[in-house]
Amino acid sequence: MGSILITGASGGIGRACAERFLDAGWTVGLLARRADKLEEIAAGHENAVVLPCDVGDAAAVETAFTQFADKAGRLDVLFNNAGIFTPAAPIDEISLDDWHRARSVNLDGMFYCARAAFAQMRRQSPQGGRIINNGSISAHSPREGSATYTTTKHAITGLTKTISLDGRAFDIACGQIDIGNARTELLDGIIEKAKAAGEAPPPSMDVGLVADAVMNMATLPGEANVQFMTIMATKMPYIGRG
């Protein structure tokens, strides 16, 4: 089995993917801010490496990636997943603090982690690896009031495309998974709120299906790459690229 580092591993999609890879026998780096949550996921798994880290701190990211590579021997896959939402609002009502907070995690943090992964994959022997960026449906179609999240996720598409080109010389593949309405703690709260208001809950899908999709991307041979994958609840409104 290989080695994978998962950011935002303490909950939601990150946790579901971490548990999937741990159960499959991979060496899994669990990276997030909350050490207690990471320890909870790692319990009983000798193949887990707990890496408390704020992805918005470039120096801390470098240290965490070095620690993981030292422990695992190499880095085969990065699932670049950490991200946050800020309160929905028209752009003139969004505070600059919320913009800076979203950018720090959703863009700066993903850049720092991709950068650290690329450097490790480039210098390890045998050379190469795979970076999987979590884009989101918002990477190509916005929702109302989502200027912070949508802007940063559009930027991730550019990051994915560029790394795909730059990585070719070093056998580093890069792809992106865009996810729509996986049932996580966040969406469960939205569903319950809708039910309480007598409204139809949003269409959703089991978060385990996302973990399966990430596993599929991660286990491809080096000669193949899923450049972009969209996985979404079947009854969500059609969302196209353009």
Shortest non-hydrogen contact from [X] to [Y]?
{"X": "Thr150", "Y": "Ser138", "value": "CG2-O, 3.5 Å"}
{"X": "Ile231", "Y": "Met205", "value": "O-CE, 3.4 Å"}
{"X": "Ala213", "Y": "Ile177", "value": "CB-CD1, 3.8 Å"}
{"X": "Cys174", "Y": "Asn133", "value": "SG-ND2, 3.7 Å"}
{"X": "Thr86", "Y": "Ala102", "value": "CG2-CB, 4.0 Å"}
{"X": "Ala139", "Y": "Thr157", "value": "CB-OG1, 3.6 Å"}

Straight-line distance of [X] [atom1] to [Y] [atom2], nearest 0.5 Å:
{"X": "Met121", "Y": "Leu75", "atom1": "CE", "atom2": "CG", "result": "4.0 Å"}
{"X": "Ser141", "Y": "Asp178", "atom1": "OG", "atom2": "CG", "result": "9.5 Å"}
{"X": "Arg33", "Y": "Ser10", "atom1": "CZ", "atom2": "OG", "result": "8.0 Å"}
{"X": "Gln127", "Y": "Ser125", "atom1": "CD", "atom2": "OG", "result": "8.5 Å"}
{"X": "Ser204", "Y": "Lys235", "atom1": "OG", "atom2": "NZ", "result": "11.0 Å"}
{"X": "Ser104", "Y": "Asp97", "atom1": "OG", "atom2": "CG", "result": "12.0 Å"}

[Y] and [X], any side-chain heavy atoms less than 4.5 Å apart:
{"X": "Asp108", "Y": "Arg103", "result": "yes"}
{"X": "Leu107", "Y": "Ile156", "result": "yes"}
{"X": "Arg130", "Y": "Asn225", "result": "yes"}
{"X": "Lys161", "Y": "Gln176", "result": "no"}
{"X": "Phe65", "Y": "Cys113", "result": "yes"}
{"X": "Thr66", "Y": "Asp70", "result": "yes"}
{"X": "Ile41", "Y": "Val28", "result": "no"}
{"X": "Lys153", "Y": "Met110", "result": "yes"}

*Dump the intermediate steps for side chain to side chain contact (heavy atoms under 4.5 Å, CB included) on Arg20 and Val214, then the final yes or no.*
CA-CA 10 Å; Arg20 177 78 167 81; Val214 173; over 6 Å; no

Transitively linked via ILVMFWY side-chain contacts under 4.5 Å: [X] with [Y]?
{"X": "Tyr149", "Y": "Val55", "answer": "no"}
{"X": "Phe21", "Y": "Leu209", "answer": "yes"}
{"X": "Val210", "Y": "Leu220", "answer": "yes"}
{"X": "Val61", "Y": "Ile163", "answer": "yes"}
{"X": "Leu5", "Y": "Ile13", "answer": "no"}

*Take atom CD1 in Ile91; do more than 12 heavy atoms of anything else shown fall under 6.0 Å from it?*
no

_The test is side chain to side chain contact (heavy atoms under 4.5 Å, CB included); show your working for Phe118 and Asp166 and say whether it passes._
CA-CA 10 Å; Phe118 195 101; Asp166 293 345; 4.3 Å; yes

*Start with the C-alpha distance between Phe68 and Leu78, add both sets of side-chain angles, then the distance that settles side chain to side chain contact (heavy atoms under 4.5 Å, CB included), and finish with yes or no.*
CA-CA 11 Å; Phe68 180 71; Leu78 164 66; over 6 Å; no

Do the side chain of [X] and the main chain of [Y] share a donor and acceptor less than 3.5 angstrom apart?
{"X": "Asn181", "Y": "Met232", "answer": "no"}
{"X": "His45", "Y": "Thr27", "answer": "no"}
{"X": "Asp57", "Y": "Ala59", "answer": "yes"}

*For Glu40 and Arg15, what are the C-alpha separation, side-chain angles and deciding distance, and is it a salt bridge (Lys or Arg N to Asp or Glu O under 4.0 Å)?*
CA-CA 11 Å; Glu40 178 184 303; Arg15 178 167 185 160; 2.9 Å; yes

_Thr160 and Gln227: CA distance, side-chain angles, deciding distance, side chain to side chain contact (heavy atoms under 4.5 Å, CB included) verdict_ = CA-CA 8 Å; Thr160 298; Gln227 182 74 76; 3.7 Å; yes

*For Phe79, which of Thr7, Asn134, Ile131 qualifies under side chain to side chain contact (heavy atoms under 4.5 Å, CB included)?*
Asn134

*Does Arg101 have any salt bridge (charged side-chain N to carboxylate O under 4.0 Å, His left out) partners at least two apart in sequence or in another chain, and if so, which?*
Asp98

